[in-house]
Q: 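Mind having a look at this structure? Questions to follow.
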Amino acid sequence: RLEATGGFVSTGAVGDPAELAVAPVAAALGVRVAVLASAAAGAVIGGQDKLGCIPGLRVGRSAEDLARGARDAGIVVGAPVGRLADGMRRMARLAEGVGVSRLPRILAPLTAARALVPGTAAVVVDVPTGSGGALSGDATRVADAVRGALVGAGRAAHVATSAADAPIAHAIGTALEVAVVRALLVGEGDARLRDRVADLAGRLAELAGVQEGGAGRAAALGALESG
């Protein structure tokens with residue numbers, strides 16, 4: 001059994017590349033990170049699409065791949081495969097077809113599934129709200145449902161909502177957002193995104209037990225500033 005394992009899930013927002021940035025920062029703090037990236041939802045570009053624009057990167061990851069990557073490399077981010085991928089794709093397609101893809105009763109189970117499948121002991125979930133978020137409706141309802149599923153499954157969980165009335169990053173698009181994340185990880189990038197990623201990665205490090213309570217954000221900022 002691996003120690004200090006953690007995952008991060010976001011319901012997504014326009015121009016928000018935090019999903020790809022939180023994992024490496026948490027890994028730099030000592031968390032063994034395994035993440036299932038999101039699929040596209042309406043106008044919100046999914047993490048899977050962003051990863052897919054990186055030449056030579058294999059995006060599809062089985063449960064065994066996730067465990068192996070967390071063990072050997074300390075971090076793995078990918079897309080679901082097999083029956084899980086088929087089920088999530090069908091559910092998302094059906095919801096999109098009948099115009100309910102942004103509703104809480106659809107996003108909550110999809111988000112909980114992505115958080116639970118990697119099998120990490122600690123999970124941080126972010127639910128962006130506002131005109132730019134993938135969610136349309138009561139964010140508290142989604143947060144409570146996801147938190148209940150995670151705690152019921154024995155996970156240490158932190159589920160938060162965040163404002164997404166405007167793009168988080170200064171660029172929108174698959175390759176552009178990957179470039180934004182790269183700049184952030186080498187000590188550059190804008191302050192708003194840096195603070196957001198530090199908050200989320202720091203909280204994950206605290207939940208995973210590699211940082212004392214209240215110390216995670218400062219440690220994450222230090223990791224980002226050091227590149």
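Computation of the quantities below employed the complete heavy-atom set of this structure, encompassing side-chain atoms and omitting hydrogens, waters and symmetry-equivalent molecules. Every value quoted in this text rests on a predicted model; they were computed, and no experiment measured them.
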Q: Is the shortest heavy-atom distance from the side chain of Leu51 to the side chain of Leu20 under 4.5 Å?
A: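 They are in side-chain contact.
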
Q: Between atom CG of Leu204 and atom CG of Leu29, what is the distance when rounded to the nearest 0.5 Å?
A: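 It is 9.0 Å, given to the nearest 0.5 Å.
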
Q: Please check if atom CZ in Arg182 has more than 12 non-hydrogen atoms from other residues, nucleotides or ligands closer than 6.0 Å.
A: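 Atom CZ in Arg182 is not crowded, with 12 or fewer foreign heavy atoms closer than 6.0 Å.
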
Q: Checking Asp199 against Arg196 for the salt bridge (Lys or Arg N to Asp or Glu O under 4.0 Å) test, could you report, in this order, the C-alpha distance in whole Å, the side-chain angles of both residues, the deciding distance, and whether it holds?
A: CA-CA 5 Å; Asp199 285 340; Arg196 174 169 161 71; over 6 Å; no

Q: Rounded at 0.5 Å granularity, tell me how far CZ in Phe8 sits from CZ in Arg114.
A: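 So the CZ of Phe8 and the CZ of Arg114 are separated by 9.0 Å.
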
Q: Kindly give the heavy-atom pair with the smallest separation between Leu150 and Ala115, and that separation in Å.
A: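 So the two residues come closest at CD2-CB, 3.7 Å.
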
Q: Where is the tightest heavy-atom contact between Leu176 and Ala171, given as atom of each residue plus distance?
A: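 For Leu176 versus Ala171, the nearest heavy atoms are CB-CB, 3.9 Å.
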
Q: Do Ser162 and Asp126 meet the criterion of a side-chain donor-acceptor pair at a distance under 3.5 Å?
A: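 Note: Ser162 and Asp126 side chains meet the donor-acceptor criterion.
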
Q: Leu116 and Arg155: which non-hydrogen atoms are nearest, and at how many Å?
A: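 For Leu116 and Arg155, the tightest heavy-atom pair comes out as O-NH2, 3.1 Å.
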
Q: Report the distance from atom CG of Asp49 to atom CD of Glu177, rounding to the nearest 0.5 Å.
A: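 Here the rounded value is 10.0 Å.
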
Q: When rounded to the nearest 0.5 angstrom, what is the spacing between CG in Leu184 and CG in Leu224?
A: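 Leu184 atom CG to Leu224 atom CG measures 5.0 Å (nearest 0.5 Å).
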
Q: Applying side-chain contact (heavy atoms from CB on, under 4.5 Å) between Val127 and each of Val146, Thr111, Thr11, report the one that passes.
A: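 Of all the options given, the one that passes is Thr11.
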
Q: Mind listing the closest non-hydrogen atom pair of Asp190 and His170 along with its distance?
A: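 Looking at all heavy atoms of both residues, the closest pair is OD2-ND1, 3.5 Å.
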
Q: Taking all heavy atoms of Val25 and all of Ala220, pick out the closest pair and write down the distance.
A: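 For Val25 versus Ala220, the nearest heavy atoms are CG1-CB, 3.9 Å.
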
Q: Can you tell me how far CD of Glu206 sits from CZ of Arg217, rounded to the nearest 0.5 angstrom?
A: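 With rounding to 0.5 Å, CZ (Arg217) is 11.0 Å from CD (Glu206).
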
Q: Are Val178 and Val35 co-members of a hydrophobic cluster defined by side-chain heavy atoms under 4.5 Å apart?
A: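 Yes, because Val35 and Val178 connect within a single hydrophobic cluster, where side-chain heavy atoms sit under 4.5 Å apart.
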
Q: Examine Leu185 and Leu193 and state if one hydrophobic cluster contains both, with Ile, Leu, Val, Met, Phe, Trp and Tyr joined whenever side-chain heavy atoms are less than 4.5 Å apart.
A: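 Cluster IDs for Leu185 and Leu193 match.
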
Q: Which heavy atom of Asp16 sits nearest to which heavy atom of Pro128, and what is that distance?
A: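 For Asp16 and Pro128, the tightest heavy-atom pair comes out as OD2-CG, 4.1 Å.
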
Q: Rounded to the nearest 0.5 Å, what separation is found between the CD1 atom of Ile75 and the CZ atom of Arg32?
A: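 One finds 12.0 Å between CD1 of Ile75 and CZ of Arg32.
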
Q: Do Val151 and Val159 sit in the same hydrophobic cluster, where Ile, Leu, Val, Met, Phe, Trp and Tyr count as joined when their side-chain heavy atoms come under 4.5 Å apart?
A: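 No, separate clusters.
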
Q: Take Ile172 and Val14, measure what side-chain contact (heavy atoms from CB on, under 4.5 Å) needs, and give me the verdict at the end.
A: CA-CA 7 Å; Ile172 300 174; Val14 174; 3.7 Å; yes

